Amino acid sequence: MDMHTVVVGTSGTTAEDVVAVARHGARVELSAAAVDALAAARLIVDALAAKPEAVYGVSTGFGALASRHISHELRAQLQRNIVRSHAAGMGPRVEREVVRALMFLRLKTVASGHTGVRPEVAQTMADLLNAGITPVVHEYGSLGCSGDLAPLSHCALTLMGEGDAEGPDGTVRPAGELLAAHGITPVELAEKEGLALLNGTDGMLGMLVMALADLKNLYTSADITAALSLEALLGTDKVLAPELHAIRPHPGQGASADNMLRVLAGSGLTGRHADVTGDAPRVQDAYSVRCAPQVNGAGRDTLDYAAVVAGRELASSVDNPVVLPDGRVESNGNFHGAPVAYVLDFLAIVAADLGSICERRTDRLLDKNRSHGLPPFLADDAGVDSGLMIAQYTQAALVSEMKRLAVPASADSIPSSAMQEDHVSMGWSAARKLRTAVDNLARIVAVELYAATRAVELRAAEGLVPAPASQAAVAALRAAGAEGPGPDRFLAPDLAAADTFVREGRLVAAVEPVTGPLA
């Protein structure tokens with residue numbers, strides 16, 4: 001585990017802290033201000049619990065059962081029961097990093113002092129994260145409204161010492177055993193606490209934050225691969241001139257064009273339209289080459305908007321009811337996941353389009369009728385071997401799936417809880433399909449990288465001089481194990497190496513010493 005410590009205060013958290021805790025095992029600590037805010041809010045809840053009047057979430061049932069007043073002696077049982085009954089998820093286990101993000105973000109809201117949860121409950125949440133105990137959470141069970149109910153319930157179950165969880169060694173055991181092994185006392189839930197642990201957008205938000213981190217790397221990587229493909233196709237870099245993008249001032253477009261121009265600096269391959277033997281002079285490159293900054297840039301701008309929404313949600317306290325500074329405990333609809341669900345779907349759309357344009361450039365590199373002198377399928381001995389023919393098949397299959405994943409989840413809604421919860425966001429579903437889309441996009445970019453570096457090497461064998469940044473990309477990829485096609489070579493491991501190379505950010509790291517920091 002990373003020994004970096006993230007301090008949770010009363011005013012939200014940052015995307016960087018979410019990634020640090022979820023992916024890198026950073027430790028979590030409650031600030032003194034958070035402990036004070038928790039205690040102050042709890043005094044308000046305790047005062048309301050002592051009154052004869054019914055208060056939602058404190059002395060009533062939940063959802064469609066909110067009209068029933070619950071007596072004092074049954075309230076602890078009520079809180080336990082809501083956790084147990086809502087822990088109804090099904091399907092495959094959700095990834096460890098997603099569960100850790102979910103737990104951390106719920107702790108973030110609890111620490112705000114707007115939920116009425118006792119300080120000792122919040123501390124136990126932090127203790128679980130620090131011990132590396134990860135509740136078993138399942139794929140299905142959230143409609144993205146009233147919070148990610150089933151996923152959060154499985155986490156709350158672990159706090160109670162019930163259900164199953166994964167230990168730091170990766171072994172799944174009964175949660176009670178894991179807590180005992182780490183000296184953690186299970187919590188006994190009091191009024192409102194069960195509900196407060198379940199009512200948030202934490203799962204979908206955590207997946208949004210991690211998708212944004214991954215997509216930032218993939219968009220920069222795609223700018224690099226687009227530049228390599230342009231170079232290998234003997235395209236022109238004149239279309240990347242800053243003055244052309246200044247007259248259509250979308251920030252992302254300008255950033256992508258600048259990235260590509262810097263990768264191509266010093267290339268001896270660009271601008272050779274009229275010099276290719278047997279080729280008719282070209283006036284313009286194909287759209288997939290010429291319009292790469294426009295497509296990549298539009299996706300970048302969508303990422304920026306999604307990051308704004310994520311930032312607002314990271315600063316939010318999502319619960320129902322909430323404890324207000326003036327002592328009121330008020331019901332609200334802030335748990336509705338629409339703001340997060342929309343941007344999750346937007347990102348799936350732009351990821352699909354980025355994958356699509358990458359595949360079109362790959363196909364162009366492999367087609368001898370459009371590649372301007374490159375061998376068919378970039379094969380070592382065309383006819384004897386098929387080169388990258390089936391690598392493009394794989395890429396095309398991934399692109400096809402990306403298009404299906406781009407269908408919005410947030411355009412759907414299905415009523416639940418006896419029509420009390422009659423409009424839901426489906427944000428969890430949007431987040432789950434976006435994770436698949438991001439995973440696929442890394443593979444798609446990797447296939448273009450593999451093809452483009454192979455093509456650049458073939459041009460260099462003809463006596464042309466690739467850009468220094470291109471040479472750095474080729475050398476680093478080969479050093480990572482992704483060798484080019486040759487006699488008796490099996491390509492699949494090389495594609496896998498390229499995939500790892502891209503998704504770990506090593507392509508960007510290999511190029512930036514030559515280009516300087518890329519957007």
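This one's a predicted model, so the numbers in the text were calculated from it and none came from an experiment.
Between the side chain of E193 and the main chain of R118, a donor-acceptor pair closer than 3.5 Å is present. Looking only at distances, no side-chain donor or acceptor of R80 sits under 3.5 Å from a matching main-chain atom of L189. A donor-acceptor pair under 3.5 Å is absent between the side-chain atoms of S356 and the main chain of A352, judged by distance alone. Using a distance-only test at 3.5 Å, with no hydrogens or angles considered, no donor-acceptor pair links the side chain of Q77 to the main chain of L74. Remark: the backbone N or O of Q420 is not paired with any side-chain donor or acceptor of S417 at under 3.5 angstrom. In this structure, N259 contributes its side chain and L518 its backbone to no donor-acceptor pair below 3.5 Å. Between the side chain of T134 and the backbone N or O of R96 there is no donor-acceptor pair closer than 3.5 Å. A distance-only check finds a donor-acceptor pair linking the side chain of H114 to the backbone of V323 [under 3.5 Å]. Remark: the backbone N or O of A26 is not paired with any side-chain donor or acceptor of H4 at under 3.5 angstrom. Remark: the backbone N or O of V7 is not paired with any side-chain donor or acceptor of R27 at under 3.5 angstrom.
Side-chain contact between V99 and C155: present, with at least one pair of heavy atoms (C-beta onward) separated by less than 4.5 Å. Annotation: side chain of V322 is not in contact with side chain of S317 (no heavy-atom distance under 4.5 Å). You'll find the side chain of T124 stays beyond 4.5 Å of the side chain of T185, heavy atoms only. For the pair L212 and L347, the minimum side-chain heavy-atom distance is below 4.5 Å. Proximity of L441 to L215: side-chain heavy atoms (C-beta onward) are separated by under 4.5 Å at one or more points. Side-chain contact between L107 and L30 is present, with heavy atoms from C-beta onward closer than 4.5 Å. Annotation: side chain of T500 is in contact with side chain of R506 (closest heavy-atom distance under 4.5 Å). At a threshold of 4.5 Å between non-hydrogen side-chain atoms, the residues M204 and D148 count as touching.
Taking the charged nitrogens against the carboxylate oxygens, E448 and R360 have no contact shorter than 4.0 Å, which rules out a salt bridge. Residues D345 and K433 are paired through a salt bridge, judged by an N-O separation under 4.0 Å between the basic side chain and the carboxylate. At a threshold of 4.0 Å, the pair D214-R23 counts as salt-bridged, since one of the basic side-chain nitrogens sits closer than that to a carboxylate oxygen. Under a 4.0 Å N-O distance rule, the pair E139/R93 does not qualify as a salt bridge. At a threshold of 4.0 Å, the pair K108-D202 does not count as salt-bridged, since none of the basic side-chain nitrogens sits closer than that to a carboxylate oxygen. Looking at D46 and R42, a side-chain N of the basic residue comes within less than 4.0 Å of a carboxylate O on the acidic one, giving a salt bridge.
Within a 6.0 Å sphere centred on CZ of F335, heavy atoms belonging to other residues, nucleotides or ligands number more than 12. Annotation for E330: atom CD counts as buried by contact number, over 12 foreign heavy atoms lying within 6.0 Å.
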task = Under the side chain to side chain donor-acceptor pair (under 3.5 Å) rule, what do T5 and E29 come out as? Steps first, then yes or no, please.
result = CA-CA 7 Å; T5 297; E29 180 181 303; 5.2 Å; no

inquiry  = Is there a salt bridge (Lys or Arg N to Asp or Glu O under 4.0 Å) between E95 and R435? Walk through the geometry before answering.
reply    = CA-CA 10 Å; E95 303 87 352; R435 278 185 72 83; 3.5 Å; yes

message = For E512 and R262: C-alpha separation, side-chain torsions, deciding distance, then whether salt bridge (Lys or Arg N to Asp or Glu O under 4.0 Å) applies.
response = CA-CA 10 Å; E512 284 189 327; R262 287 199 275 153; over 6 Å; no

Working for side chain to side chain donor-acceptor pair (under 3.5 Å), residues R300 and S256 = CA-CA 8 Å; R300 284 176 169 275; S256 284; 3.0 Å; yes

key: CA sep, side-chain torsions, deciding dist, call: W428, M207, side chain to side chain contact (heavy atoms under 4.5 Å, CB included)   = CA-CA 9 Å; W428 174 273; M207 286 185 274; 3.7 Å; yes

Worked verdict on V508 versus I224 for side chain to side chain contact (heavy atoms under 4.5 Å, CB included) = CA-CA 8 Å; V508 178; I224 295 169; 4.2 Å; yes

inquiry  = Could you walk me through whether T436 and E401 satisfy the side chain to side chain contact (heavy atoms under 4.5 Å, CB included) test, starting with their C-alpha distance in whole Å, then the side-chain angles of each, then the deciding distance to 0.1 Å, before giving a yes or no?
reply    = CA-CA 9 Å; T436 303; E401 183 179 13; 4.0 Å; yes

ask   = Could you walk me through whether H423 and H336 pass the ring-ring contact (aromatic ring centres under 6.0 Å, His included) check?
value = CA-CA 9 Å; H423 182 83; H336 200 288; 5.5 Å; yes

Residue pair R106, T109: steps toward the side chain to side chain contact (heavy atoms under 4.5 Å, CB included) verdict = CA-CA 5 Å; R106 196 70 215 139; T109 284; 3.6 Å; yes

task = Just do the side chain to side chain donor-acceptor pair (under 3.5 Å) check on E166 and T171 with the steps written out, would you?
result = CA-CA 5 Å; E166 180 186 298; T171 302; over 6 Å; no

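Nearest heavy atoms, M402 versus A351: CE-O, 3.3 Å. Between G355 and I444, the shortest heavy-atom contact is O-CG2, 3.5 Å. In plain terms, the two heavy atoms of H154 and A88 that are nearest each other are NE2-N, 3.7 Å. Residues I133 and M103 come closest through the heavy atom pair O-CE, 3.8 Å. For the residue pair S31 and G9, the shortest heavy atom distance occurs at OG-CA, 3.4 Å. The two residues V502 and V445 have their closest heavy-atom pair at CG1-CG1, 4.0 Å.
Screening L477, T220, T225, L218 for a side chain to side chain contact (heavy atoms under 4.5 Å, CB included) with L507, the sole residue that qualifies is T225. Partner V8 forms a side chain to side chain contact (heavy atoms under 4.5 Å, CB included) with one of V110, L129, V28 and no other, that one being V28.
Rounding to the nearest 0.5 Å gives a distance of 5.5 Å between CG of L128 and CG of L179. Taken to the nearest 0.5 Å, the OG1 atom of T302 stands 10.0 Å off from the CG atom of D353. With rounding to the nearest 0.5 angstrom, the CG atom of L143 is 8.0 Å from the OG atom of S413. To the nearest 0.5 Å, atoms SG (C145) and CD1 (I414) are separated by 13.0 Å. One finds the CG atom of L434 at 7.5 Å from the CG atom of L208 (value rounded to the nearest 0.5 Å). In this structure, CG in L197 is found 9.0 Å from OG in S153, a value given to the nearest 0.5 Å.
Side-chain N/O atoms of S331 and N320 include a donor and acceptor closer than 3.5 Å. At a cut-off of 3.5 Å, with distance as the only test, a side-chain donor of N296 or D223 sits close to an acceptor on the other residue.
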